[in-house]
Amino acid sequence: MAQWRIRVIVPEAQDGRQVLRTALAHVTVTESRLIPPSADTAETTGEVVVDLGEDDGLHDLLRTLHEISPQVFISRVGSPEPAGGDPAIRVRKLPIPG
């Protein structure tokens, strides 16, 4: 099982935090923190590390998080750097709902 670090911009309203908790309710979260808004932003940033296989709902989790915010960043925790001969990592853009 892989660990994924996910960073999402959460609407400042209390229901934004509740929606984030609901989205994460079905996965194993090993770390989480909310970064309060700064003077020039109105949103909170949520950072979580989840234990989740790529085929075990990662796509569904990302889709749900994109419903909260168009800004969702994901990286694999502890993933090795690609070797020189490896093909480039493919990045797939998900459509933004709305």
* Of the non-hydrogen atoms in Val10 and Gly46, which two are nearest, and what is the gap between them? -> CG2-N, 4.0 Å
* **Results of side chain to side chain donor-acceptor pair (under 3.5 Å) for Thr28 - residues two or more places apart only** => none
* Asked: For Ala23 and Leu65, which heavy atoms make the closest approach, and how far apart are they?
  -> CB-CD2, 4.0 Å
* **By side chain to side chain donor-acceptor pair (under 3.5 Å) - contacts of Glu47 (at least two apart)** => Arg7, Arg33
* Should Thr22 and Thr64 be marked as a side chain to side chain contact (heavy atoms under 4.5 Å, CB included) after you check the CA-CA gap, both sets of side-chain angles, and the distance that decides it? -> CA-CA 10 Å; Thr22 301; Thr64 301; over 6 Å; no
* Is there a side-chain contact between Ile6 and Val72, using heavy atoms and a 4.5 Å cut-off? -> yes
* Leu62-Ile9 co-clustered via ILVMFWY side chain contacts under 4.5 Å -> no
* Check whether any side-chain heavy atom of Trp4 lies under 4.5 Å from a side-chain heavy atom of Leu58, and answer yes or no. => yes
* Could you pull out the closest heavy-atom pair between Val77 and Arg5, with the gap in Å? => CG2-N, 3.7 Å
* Sub-4.5 Å side-chain heavy-atom contact between Val27 and Asp51 -> no
* Asked: Where do Leu20 and Leu34 land on the side chain to side chain contact (heavy atoms under 4.5 Å, CB included) test, with the steps shown first?
  -> CA-CA 11 Å; Leu20 178 61; Leu34 288 175; 4.2 Å; yes
* Asked: Hey, quick one: are Val19 and Val29 part of the same hydrophobic cluster, counting side-chain heavy atoms closer than 4.5 Å, chains of contacts allowed?
  -> yes
* Asked: Are any non-hydrogen side-chain atoms of Thr30 and Gln3 less than 4.5 angstrom apart?
  -> yes
* Indicate, with yes or no, if Ile74 and Val48 share a hydrophobic cluster defined by side-chain heavy-atom contacts under 4.5 Å among Ile, Leu, Val, Met, Phe, Trp and Tyr. => yes
* **Separation of His66 NE2 from Leu61 CG (nearest 0.5 Å)** => 10.0 Å
